[in-house]
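Below, chains carry the letters A, B, ... as their sequence lines are ordered, and counting in each starts from 1.
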Amino acid sequence: MAIIQTRNLTKTFGKIQAVRGIDLDIEKGEIFGLLGPNGAGKTTTIGMLCTTVRPTSGRGAIAGFDIARQPTQVRRNVGIVFQDPTLDTILTGRENLQLHARLYGIPSSVRKNLIEQMLELVDLKGRADDLTKTYSGGMRRRLELARGLLHRPAVLFLDEPTLGLDPQTRARTWEYIRKMAAKEQTTVMLTTHYMEEAQAVCDRIGIIDAGRIIALDTPANLIDSLGGDIVEVNAPRPPLETIKDLPYVSSVKMNEDALEISMKSAHLHLAEVLSIIPDVVSVQMRKPTLNDVFIKLTGRDIREDAEENDGGWVEAAARFNQRGR
Amino acid sequence: MGISAVWWREFKVFWREKSRILASFVQPMMWLFLFGSGVGASLSVGSINYRDYIYPGILTMSVIFGSVFFGLYVIWDRKLDVLKAVLVAPVTRISIFFGKVLGGCTDVIMQVAILFMFSFLFPSVNPWGIPQALLILMVTSIALVAVGLSLGSLMESLEGFQVISAFVVFPLFFLSGALFPVDERLPRWLGGLVKFNPLSYTVDGVRGALLGVANAPFYVNLLVITVFAAVMLSIGCILFSRMK
């Protein structure tokens, strides 16, 4: 049986339908990405699977435990890294893990060893006895990862794990996520705005928009579904119909300033295509990305929404730093 | 499990912030020696010097301020999402609530214990009454941490802090008879308000234990404050469970 399973999982807040009937089957050890713009229902879906949000209807189960009827067992089997930092800044790194171990009932006989192992895994041993308010953004994320995995959960939820981190730290954080998931055989379900990262890390991806899963497959298959490579041609009078009729062209779209052609094996056919377009000003060829998949499915760029969310994180980080008592 | 984990955390934080322990000791000492000695120079209550007379009241004051504000800090925890990670753990809300109550009570009682160490500076205080006084102060602290947590779980931001301070904490203190004897010389309205305040029974109980002057027997005072604590814990449990 799938480790995460949902059937028609739905959540309504008053009149707003945040999540509209989601069906998922995620296998053990899989890294699954939930992609979508702000307000698509990602965080609400994760909230329901972690039992902090009560589903309005539908069912869901983690490791065979029902999210509505067996919340305590579900909680024992999930680890969570929230979008906003949730470390206790008055405590040291080690104490944060100790608190977590106590909350999850990890016996004191194994607690110490387990914490040392985790600290080593995220390379925080040297800083373990410093207060977490002195940590950098990347270090905090790593400690939160260690905390999320400390009780050996079957499923680890990561809500925007790299939001607000600089590119280098983001790359390293993904390395840790992959390394730890492999070592602990943990199933990972994550949300992110960074399409390239999702593409590189996830085994499968579900694209969510307005509370519905609108596509679900491996990154490679999703990208292949676009029909090959993308060629952008800037020309004043392109013969649209003729191009469309070419056997290897899967779709043609006229954008404001350029013609966007999806075609198979562009490197073989590009010359022929260009020969039938008069007065070509410029040509660009690229491999499509998950963002293109997203644009095709929703008509929007996922990054349009990303900006304001980054702002929110910065604000949260600022609040985090102010902590005092 | 949840109770001891949360309790452990509060204890760690308490030890970490030594300046807070010092501040919690300095303020009552100023009341006793700067205010108490000043007024005491020209005033005593019966045969007891005023400074000694308000010692039980100032102990109670420490408990009131320490407990309510400890509870209110839950707003801050929520605002900074510190509580979020705790609230998804496989422990009940109620055990988190009781962990917080015990944590707050421990903090406050340790502050009170420091004040007790200086009780030899007050000649009228009977040191054998300290265990009794500690008992009633502990129950009072439990009740008031629950009050603080209840108010904190209802409030969205720390902006309401001043309001709580002005309309809950200070009235509870001034109307407890901490600074004056509660007898027939009080204006009727004031006497009525004082009798209505559960904290008056704490002050009376501590005064009986330490100074041998009280309006009611110790067990009556303890009973009143225990009932108050039970009510506040029940309300707190409900509000804390509903907290977003």
In terms of heavy-atom contacts, does [atom1] of [X] have more than 12 from other residues, nucleotides or ligands at under 6.0 Å?
X: A:Q73; atom1: CD; answer: yes
X: A:W174; atom1: CH2; answer: yes
X: B:F167; atom1: CZ; answer: no
X: B:F120; atom1: CZ; answer: yes
X: B:R93; atom1: CZ; answer: yes

Spacing of [atom1] belonging to [X] relative to [atom2] belonging to [Y], to within rounding of 0.5 Å:
X: B:E10; Y: A:L99; atom1: CD; atom2: CG; answer: 9.5 Å
X: B:L87; Y: A:R75; atom1: CG; atom2: CZ; answer: 8.0 Å
X: A:D88; Y: B:R9; atom1: CG; atom2: CZ; answer: 4.0 Å

- Message: Measuring only between side-chain heavy atoms, which start at C-beta, is B:R16 closer than 4.5 Å to A:T92?
- Response: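 Side-chain contact under 4.5 Å: yes.
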I'd like to check B:W8 versus A:E95 (side-chain heavy atoms, cut-off strictly below 4.5 Å). Are they in contact?
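In contact.
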Of the backbone (N, CA, C, O) and the side chain (C-beta and beyond), which part of B:L83 lies under 4.5 Å from a heavy atom of chain A, both, or neither?
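For B:L83, there is no contact with chain A at all, as no heavy atom is under 4.5 Å.
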### Task
Answer with side chain, backbone, both or neither: which region of A:E144 has an atom nearer than 4.5 Å to a non-hydrogen atom of chain B?
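A:E144 has no heavy atom closer than 4.5 Å to chain B.
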Quick check on A:I80 against chain B: is it the side chain, the backbone, both or neither that has a heavy atom closer than 4.5 Å?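 A:I80 touches chain B through side-chain heavy atoms alone.
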(request) Output, in order, the C-alpha distance, side-chain angles, deciding distance and verdict of side-chain contact (heavy atoms from CB on, under 4.5 Å) for A:I90 and B:K12. (result) CA-CA 9 Å; A:I90 315 177; B:K12 278 273 167 195; over 6 Å; no
**Prompt:** Considering all heavy atoms of both residues, which atom of A:Y104 and which atom of B:A89 are nearest to each other, and what is their separation?
**Reply:**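 What the structure gives for the nearest pair is OH-CA, 3.5 Å.
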query = Do you know which of A:T72, A:T52, A:L103 has the most heavy-atom pairs with chain B at a distance under 4.5 angstrom?
reply =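 The candidate making the most pairs under 4.5 Å is A:L103.
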Query - Residue, of A:Q98, A:H151, A:R147, A:H100, that accumulates the most heavy atom pairs under 4.5 Å with chain B - result: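 Going by pairs under 4.5 Å, I would pick A:Q98.
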